[in-house]
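Notes for the one structure printed next.
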Amino acid sequence: MKIELRKLRVDKRLSEETMCYSAEIWIDNARAFLAGNRGHGGPDHFDQVGTVSLADVEAWLAKTRRPRVAYGLTMKHDLEMEVSDLMIEAEQIATIRRRMKTNVVTIEGEQVYTYSLKGRPVSDVVASIRRSKPNVVVVNEAGDVALSTAVKLLLDAARKAEGSAAL
C-alpha cells in the first residue's frame with residue numbers, strides 16, 4: 001500500500017496544540033481520504049472518499065509499521081501517525097530545498113552535511129569537496145532520489161536521538 005499526501009496545506013498561525021492542516025490522502029494512486037486537523041488539540045479527522053476503508057488502512061499499518069516507543073509509552077502506528085510522518089518529511093524536503101539555494105548539501109556515508117557557498121559558484125564548492133571526498137553524493141546535483149535519501153537519514157538520526165533522550 002503506497003500512502004501519499006497531496007494538496008497539503010499547513011497553517012502554523014492556527015496551530016495551537018496540534019498542527020492545523022488539510023490534505024488529501026492518496027492510497028495506491030487513488031484518492032482515499034480528505035484529512036485535516038483544526039489545530040486545537042483534537043485528533044485528525046479522515047473523511048473517506050475512496051473505496052479503501054480506514055479500518056483496512058489501519059490494519060495494514062499495524063502489520064507493516066513498528067510501534068513507536070517514546071517516554072516509556074508504546075504507540076501503535078496508525079493513520080494519524082503516518083500522516084504526521086509524511087508531513088514532517090514534506091517539511092524537511094522543503095527545508096533542504098531552501099538550504100540548497102545558499103549551500104551545497106552532501107551525503108557522506110550515513111551523514112548529511114551542508115557547505116556554505118558564501119558567494120562562490122556551486123561548481124567551485126563541489127569541486128573542492130570532491131577533491132577531499134571523492135565518494136560524496138552531492139544532493140544539489142543528484143535529484144529527488146538523493147533528496148529523499150538525505151531526508152530519510154536526517155529523520156532517522158532525529159528519531160534515534162529522540163529515543164535515546166527518552167531513556
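By the rule that hydrophobic residues join a cluster once side-chain heavy atoms approach within less than 4.5 Å of another member, Val138 and Leu153 end up as members of separate clusters. The cluster map of Ile, Leu, Val, Met, Phe, Trp and Tyr, joined by side-chain heavy atoms under 4.5 Å apart, puts Phe33 and Met19 in the same cluster. One hydrophobic cluster holds both Met100 and Leu154 under the rule that ILVMFWY side chains link at heavy-atom gaps under 4.5 Å. Val83 and Leu34 end up in different hydrophobic clusters when Ile, Leu, Val, Met, Phe, Trp and Tyr side chains are linked at under 4.5 Å. Note on Ile107: it does not cluster hydrophobically with Tyr115, by side-chain heavy-atom contacts below 4.5 Å among ILVMFWY residues.
From Met1, atom CE reaches atom CG of Asp28 across 6.5 Å, with rounding to the nearest 0.5 Å. In this structure, CD in Glu80 is found 8.5 Å from OG1 in Thr18, a value given to the nearest 0.5 Å. Atom CG in Asn135 sits 10.5 Å away from atom CD in Glu108 (nearest 0.5 Å). Rounding to the nearest 0.5 Å gives a distance of 8.5 Å between CG of Leu86 and CD1 of Ile25. Rounding to the nearest 0.5 Å gives a distance of 7.0 Å between CG of Asp78 and CZ of Phe46. Atom NZ of Lys76 sits about 5.0 Å away from atom CD of Glu58, to the nearest 0.5 Å.
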Derivation of the side chain to side chain contact (heavy atoms under 4.5 Å, CB included) call for Ile129 and Val104: CA-CA 9 Å; Ile129 295 166; Val104 172; 3.9 Å; yes
Test log, rule side chain to side chain contact (heavy atoms under 4.5 Å, CB included), inputs His77 and Arg66: CA-CA 7 Å; His77 194 100; Arg66 297 176 75 190; over 6 Å; no
Side chain to side chain contact (heavy atoms under 4.5 Å, CB included) assessment of Asp85 paired with Arg65: CA-CA 12 Å; Asp85 288 352; Arg65 304 287 197 268; over 6 Å; no
Working for salt bridge (Lys or Arg N to Asp or Glu O under 4.0 Å), residues Asp144 and Arg97: CA-CA 10 Å; Asp144 289 342; Arg97 282 197 171 132; 3.1 Å; yes
Glu91 and Ile88: CA distance, side-chain angles, deciding distance, side chain to side chain contact (heavy atoms under 4.5 Å, CB included) verdict: CA-CA 5 Å; Glu91 185 176 346; Ile88 291 168; 5.5 Å; no
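Although no hydrogens or angles enter the test, the distance criterion places no donor-acceptor pair under 3.5 Å between the side chain of Glu24 and the main chain of Lys7. Side chain of Asn29 to backbone of Lys2: no donor-acceptor contact under 3.5 angstrom is found. In terms of modelled atom types and a separation under 3.5 Å, the side chain of Asn37 and the main chain of Tyr21 share no donor-acceptor contact. The backbone N or O of Cys20 sits less than 3.5 Å from a side-chain atom of Ser15, completing a donor-acceptor pair. No donor-acceptor pair under 3.5 Å is formed between the side chain of Ser128 and the backbone N or O of Asp124.
Across every non-hydrogen atom of Leu117 and Lys101, the tightest pair is CD1-O, 3.9 Å. Between Ala150 and Ile96, the closest heavy-atom pair is CB-CD1, 4.2 Å. For Asn103 against Ser116, the heavy-atom pair with the smallest separation is OD1-CA, 3.1 Å. When all heavy atoms are compared, the tightest approach of Leu5 to Ala23 is CD2-CB, 4.1 Å.
The closest side-chain heavy-atom distance from Arg130 to Val136 is below 4.5 Å.
No more than 12 heavy atoms of other residues, nucleotides or ligands lie within 6.0 Å of CZ in Arg13, so this atom counts as exposed by the packing criterion.
Applying the side chain to side chain contact (heavy atoms under 4.5 Å, CB included) test between Ser53 and each of Thr51, Asp56, Val57 identifies Asp56 as the sole match.
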